[in-house]
Amino acid sequence: MLDIEILNLTIVRVFCILAMQGLSFNQAYLPRMYGGSRRSGGTLEKIYTMGGRRLVGEIALSGSKNATLAILAGALLPAAGETVLTNVPRISDVQIMCDMLNRLGVKTNFIEQNTLVLDSTNLVSHEAPYELIKKMRASFSVLGPLLARFGRARVALPGGCDIGARPVDFHLKGLEQMGVTITVEHGFVEAIAPNGLVGAKIYLDFPSVGATTHLITAAALAKGTSTITNAAEEPDGISCAAFINRLGGRVEGAGTKTIQIEGVSQLTGADFWMDSDRIEAGTYAVAAAITGGDVYIRGAIEEHVEPATLKLQDSGVDVVFDRGGMRVSAPRPLKATNIKASPHPGFPTDLQPPFAAMLTLADGASVITETVYERRFKYIDELARMGADLKTEGNIAVITGVERLTGAPVAGSDLRATAALILAGLAAQGKSEISGLQYLDRGYEKFAEKLLGVGAELWRADESSEAGRK
Ligand code: UD1
């Protein structure tokens with residue numbers, strides 16, 4: 001009885017706070033799932049921040065986006081049995097991948113918020129249409145598994161991207177080496193493997209994450225053994241290999257530069273737990289650091305996040321790991337540091353924008369060098385609109401720390417850029433309004449809600465609503 005009263009009181013209190021902010025519960029706590037940021041009556045949804053609050057408390061991480069996407073493509077492989085994935089992040093990229101799998105005949109069912117059951121027994125199509133591929137390039141990786149199941153596949157080529165050219169030549173070359181005949185026509189890859197896929201020795205010119213995981217899944221059912229040399233060492237590849245092994249596959253060496261895949265004749269559905277998202281961990285670590293806060297990030301895995309946390313420590317931030325996660329506490333002022341974004345175990349390119357936001361307030365000059373993508377500095381001009389001092393030349397950005405940022409309207413141009421601008425908004429004086437939530441929702445589960453839980457002042461609303469105009 002007492003518990004119910006306390007619960008009622010809490011609910012009343014939450015609604016009172018929201019009413020004071022002019023928000024509905026939905027606006028504040030539930031990001032628009034799967035549709036990207038909502039436009040109603042031609043208006044745009046944004047996140048609004050009032051900067052200056054020190055973040056204190058605990059944030060629980062969701063499952064890894066990139067590992068989940070690679071594993072969902074691999075979930076096409078079992079011709080028998082159900083696959084049960086736990087700790088799956090509820091983000092729009094995962095929904096797009098599920099839509100793709102449904103189109104191919106896979107049954108997908110979220111039996112709990114983060115538990116997904118898949119059944120790939122009866123595939124109905126070997127064709128992946130452009131309307132789905134264009135929404136998310138990672139869905140291109142259904143090509144290899146479709147070839148493994150049907151001996152043929154027709155998959156639309158993914159288009160360009162805001163952070164640089166992102167070709168799929170390594171994917172196609174690797175498949176050709178595995179005996180696949182490929183023709184590219186009318187924007188589609190037509191691929192045929194009349195005699196099935198055969199094991200091959202594949203060398204990647206660059207340790208591409210997507211090509212590595214795609215070729216692991218393609219080789220899992222091939223005849224003979226495949227070797228991928230100069231493979232990506234990212235934790236997402238380790239998860240993908242572990243998943244294939246859970247299904248009955250034989251993958252060795254994931255997480256190193258040489259991966260061996262011994263093809264098996266059949267894979268069977270199995271249970272698998274998704275590791276936490278290391279990029280999400282790094283993003284919230286920066287949220288703590290940029291606000292001079294003290295946040296425990298539950299679920300952070302030390303080996304996965306170390307390339308980023310070592311750089312936080314360079315900036316004077318305290319990071320202490322224990323079995324459950326990591327505690328990030330920050331002094332003021334932060335110190336400048338240099339960062340070079342490169343393949344794992346280098347500093348992750350996906351954390352380059354959040355770290356740049358943090359370094360705008362560090363004491364001294366920092367240099368960021370980007371080696372993975374050609375154009376990943378689009379957000380820099382937006383940070384400058386908040387009073388940051390930054391310059392770019394090619395793939396290098398020089399950031400000179402300033403005393404303070406001032407709130408401004410800014411626009412995110414990709415997933416990590418939008419997150420970085422929101423973090424800058426949390427540290428800036430006054431109100432900021434950040435658009436680009438259609439990108440944010442691709443990769444962060446409950447972003448605003450998690451930050452609200454550690455004391456951030458932010459809300460999500462249509463720009464024309466009362467909450468947006470406030
Ligand atoms: C993955 C991640 C993304 C991250 C990136 C680098 C997913 C869903 N996304 O993307 O968040 O930023 O790794 O860590 O896992 N390249 C080629 N030819 C190819 C493939 C890649 O030239 O066939 C180049 C790309 O243009 C890019 C570089 O290799 O410059 C790295 O790309 P890659 O590692 O493949 O990134 P993704 O797997 O697409």
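Both counts, for ligands and for their atoms, begin at 1 and track the order of listing.
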* Quiz item: cation-pi between Arg460 and Tyr48, 6.0 Å / 45° ->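 Pair Arg460/Tyr48 does not count as cation-pi.
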* Structure fact -> Heavy-atom nearest pair, Leu116 first then Thr108, reads CD1-CB, 4.0 Å
* Which is it for Val372 and ligand 1 at heavy atoms under 4.0 Å: side chain, backbone, both or neither? -> both
* **Residue portion contacting ligand 1 (non-hydrogen atoms closer than 4.0 Å) for Ala211** =>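 Neither; nothing of Ala211 gets under 4.0 Å from ligand 1.
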* Asked: By number and element, which atoms of ligand 1 are closer than 4.0 Å to a non-hydrogen atom of Thr349?
  -> 6 (C), 12 (O), 14 (O)
* Under 4.0 Å from a heavy atom of His171: give me the atoms of ligand 1 that qualify, with their elements. => 23 (O)
* For ligand 1, is there an atom lying under 4.0 Å from some heavy atom of Asp350? ->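 Per 4.0 Å heavy-atom rule, Asp350 contacts ligand 1.
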Please confirm whether [X] comes within less than 3.5 Å of ligand 1 when only nitrogen or oxygen atoms on both sides are compared.
{"X": "Pro207", "result": "no"}
{"X": "Phe206", "result": "no"}
{"X": "Gly210", "result": "yes"}
{"X": "Ala138", "result": "no"}
{"X": "Lys65", "result": "no"}

* To do: Using a strict 4.0 Å threshold on nitrogen-to-oxygen distance, state whether Arg154 and Glu190 make a salt bridge.
  => yes
* **Asp350 with Lys65: basic N within carboxylate O range, under 4.0 Å** =>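 Here Asp350 does not pair with Lys65 in a salt bridge, since their nearest N and O are not under 4.0 Å apart.
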* Could you check Glu127 against Arg103 for salt bridge (charged side-chain N to carboxylate O under 4.0 Å, His left out), going step by step and ending with a plain yes or no? => CA-CA 9 Å; Glu127 181 163 331; Arg103 183 69 76 94; over 6 Å; no
* Asked: How are the rings of His214 and His171 set to each other: parallel, tilted or perpendicular (split at 30° and 60°)?
  -> tilted
* To do: Check the pair Val117, Asp119 against side chain to side chain contact (heavy atoms under 4.5 Å, CB included), reporting the backbone distance first and the verdict last.
  => CA-CA 7 Å; Val117 179; Asp119 183 342; over 6 Å; no
